[in-house]
A.B. asks: 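Here it is, the structure in full.
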Amino acid sequence: MGAWDPFNVTEDADLGVRLARAGWRTLVIASATQEEAPVRLRAWLGQRTRWLKGWAQTLLVHGRSPAALVRDLGPGATAALFLLTAGPYAAALLHPVFVAVLARDVWHGALGAPCVSPAEVAASALAYTTLIAGYGCAALSAAVGCARRGLPMRAATLASIPLYWLLLSAAAWRALFELLRHPHFWCKTEHGLSRRGARAAPQAGRKARLPSLRARALRARAIQRTN
């Protein structure tokens, strides 16, 4: 397999595709981590910018030979790769447009009214589907995450989802600009800034009932041998 692309700023995305193309399977360990998420807007924006730029780099590099990519991964896995990388990126880029469509319909009292042209049908369907799916997935992820960590689901968290998506859109456009002007610039994420996260992580880790790493490693090895 060699190594991952040293010029890719999201090395885990590139490495995951390389592992899959080499015939390996990867599993996610349901483990607690003491590494905190960014607690400052600037750090969060930089992290999301780097992730999105790395996804684009991964698709550009591995998509240079589409036939070889489909041959290595298979049609289903190739479609999943583009759906889980290009899909969210495109949705983030176009999110302000979708919000503008929604605002226009609300302003003119046309929300839910029949469209008069095929172009309006397509634009409204794409905008509303993306908004509902994006906001719904974000709310579901937040609810599942809070439930697993034993934290309450706050109304303020749900109310902030539209703002979150607008910030994600800003990161997507910033990533596109950097991809064209500074493709290999690495915005390192700051960690260790939150005292609350440092106190909560060990406590959450003690509460988690997780299989041992050795057991999961043996299971992953067994799966690999059967392939």
Side-chain angles (χ1 to χ4, degrees), residues 4-17 35-64 66 69 78-108 111 119-142 145 156-191 193:
W4 61 80
D5 183 359
F7 298 100
N8 192 316
V9 299
T10 309
E11 77 289 345
D12 49 354
D14 175 70
L15 184 58
V17 177
E35 181 177 310
E36 67 180 11
V39 296
R40 296 176 180 173
L41 177 59
R42 182 176 180 180
W44 180 91
L45 190 63
Q47 183 190 64
R48 292 307 188 275
T49 299
R50 177 171 60 83
W51 286 359
L52 291 168
K53 183 170 66 172
W55 291 356
Q57 290 173 330
T58 301
L59 291 176
L60 290 173
V61 170
H62 291 278
R64 287 180 298 187
L69 182 63
T78 302
L81 171 63
F82 279 85
L83 179 64
L84 296 176
T85 52
Y89 198 173
L93 287 173
L94 295 175
H95 185 73
V97 178
F98 299 151
V99 172
V101 171
L102 175 62
R104 180 206 62 185
D105 290 347
V106 172
W107 178 262
H108 293 286
L111 185 63
E120 287 188 3
V121 172
S124 296
L126 183 60
Y128 293 152
T129 300
T130 304
L131 289 175
I132 294 173
Y135 292 173
C137 289
L140 180 61
S141 298
T157 301
L158 296 176
S160 65
I161 289 177
L163 176 60
Y164 171 88
W165 265 94
L166 289 175
L167 291 173
L168 189 62
S169 180
W173 283 101
R174 184 182 175 188
L176 180 60
F177 174 79
E178 286 192 3
L179 184 65
L180 298 175
R181 299 294 300 273
H182 309 289
H184 309 308
F185 171 71
W186 186 292
C187 183
K188 181 63 178 175
T189 305
E190 294 180 298
H191 294 290
L193 303 178

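Atoms considered below: every heavy atom in the structure, side chains included; atoms not considered: hydrogens, waters and symmetry mates. In this text the structure is predicted, and so the values were computed from the model without any measurement. Quick note: residue numbers are just sequence positions, from 1.
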A.B. asks: Let's go through L41 and L167 carefully: what are the C-alpha distance in whole Å and the side-chain angles of both, what is the deciding distance for side-chain contact (heavy atoms from CB on, under 4.5 Å) to 0.1 Å, and is it a yes or a no?
C.D. replies: CA-CA 9 Å; L41 177 59; L167 291 173; 3.9 Å; yes
A.B. asks: Mark yes or no for whether K53, through its side chain, and F185, through its backbone, hold a donor-acceptor pair below 3.5 Å.
C.D. replies: yes
A.B. asks: Keeping Q57 on the side-chain end and P183 on the backbone end, is there a donor-acceptor pair under 3.5 Å?
C.D. replies: yes
A.B. asks: Can you list everything that forms a salt bridge (charged side-chain N to carboxylate O under 4.0 Å, His left out) with R174? Sequence neighbours excluded, please.
C.D. replies: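 Partners of R174 by the salt bridge (charged side-chain N to carboxylate O under 4.0 Å, His left out) criterion, ordered by chain and then number, come out as E178.
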A.B. asks: Would a 4.5 Å heavy-atom cut-off, applied to side chains only, mark H62 and L59 as touching?
C.D. replies: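 No - every pair of side-chain heavy atoms lies 4.5 Å or more apart.
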A.B. asks: Could I get the full list of ring pair (Phe, Tyr, Trp, His ring centres under 6.0 Å) partners for W44, not counting sequence neighbours?
C.D. replies: Y164
A.B. asks: Could you note down all residue pairs passing ring-ring contact (aromatic ring centres under 6.0 Å, His included) where residues 81-103 supplies at least one of them, sequence neighbours left out?
C.D. replies: H95-Y135, H95-W165
A.B. asks: How many angstroms lie between CD1 in I132 and CG in L102, if you round to the nearest 0.5 Å?
C.D. replies: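 Rounded to the nearest 0.5 Å, the CD1-CG separation comes to 9.5 Å.
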A.B. asks: If you round to the nearest 0.5 Å, how far is CG of L168 from OG1 of T49?
C.D. replies: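 T49 OG1 to L168 CG: 9.0 Å, rounded to 0.5 Å.
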A.B. asks: Considering only heavy atoms from C-beta outward, does the side chain of L94 approach that of T130 to under 4.5 Å?
C.D. replies: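 In short, these two side chains do not touch, never coming nearer than 4.5 Å.
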A.B. asks: Using a 3.5 Å distance criterion without hydrogens, assess whether the side chain of T10 forms a donor-acceptor pair with backbone atoms of R50.
C.D. replies: yes
A.B. asks: Between S169 and L93, is there a side-chain heavy-atom distance shorter than 4.5 Å?
C.D. replies: no
A.B. asks: Identify which one of D5, T85, N8, D14 satisfies the side chain to side chain donor-acceptor pair (under 3.5 Å) criterion when paired with T58.
C.D. replies: N8
A.B. asks: Grab the two heavy atoms, one from L69 and one from G63, that are nearest each other, plus how far apart they are.
C.D. replies: CD2-CA, 4.5 Å
A.B. asks: Would a distance-only check, ignoring hydrogens and angles, find a side-chain to backbone donor-acceptor pair under 3.5 Å from R48 to A171?
C.D. replies: no
A.B. asks: Would you call L179 and L52 a side-chain contact if the rule is heavy atoms closer than 4.5 Å?
C.D. replies: no
A.B. asks: Does any N or O in the side chain of S160 come within less than 3.5 Å of the main-chain N or O of T157, such that one atom is a donor and the other an acceptor?
C.D. replies: yes
A.B. asks: Could you label the plane-to-plane angle of the F7 and H184 rings as parallel, tilted or perpendicular, counting under 30° as parallel and over 60° as perpendicular?
C.D. replies: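 Judged by the thresholds at 30° and 60°, the geometry between F7 and H184 is tilted.
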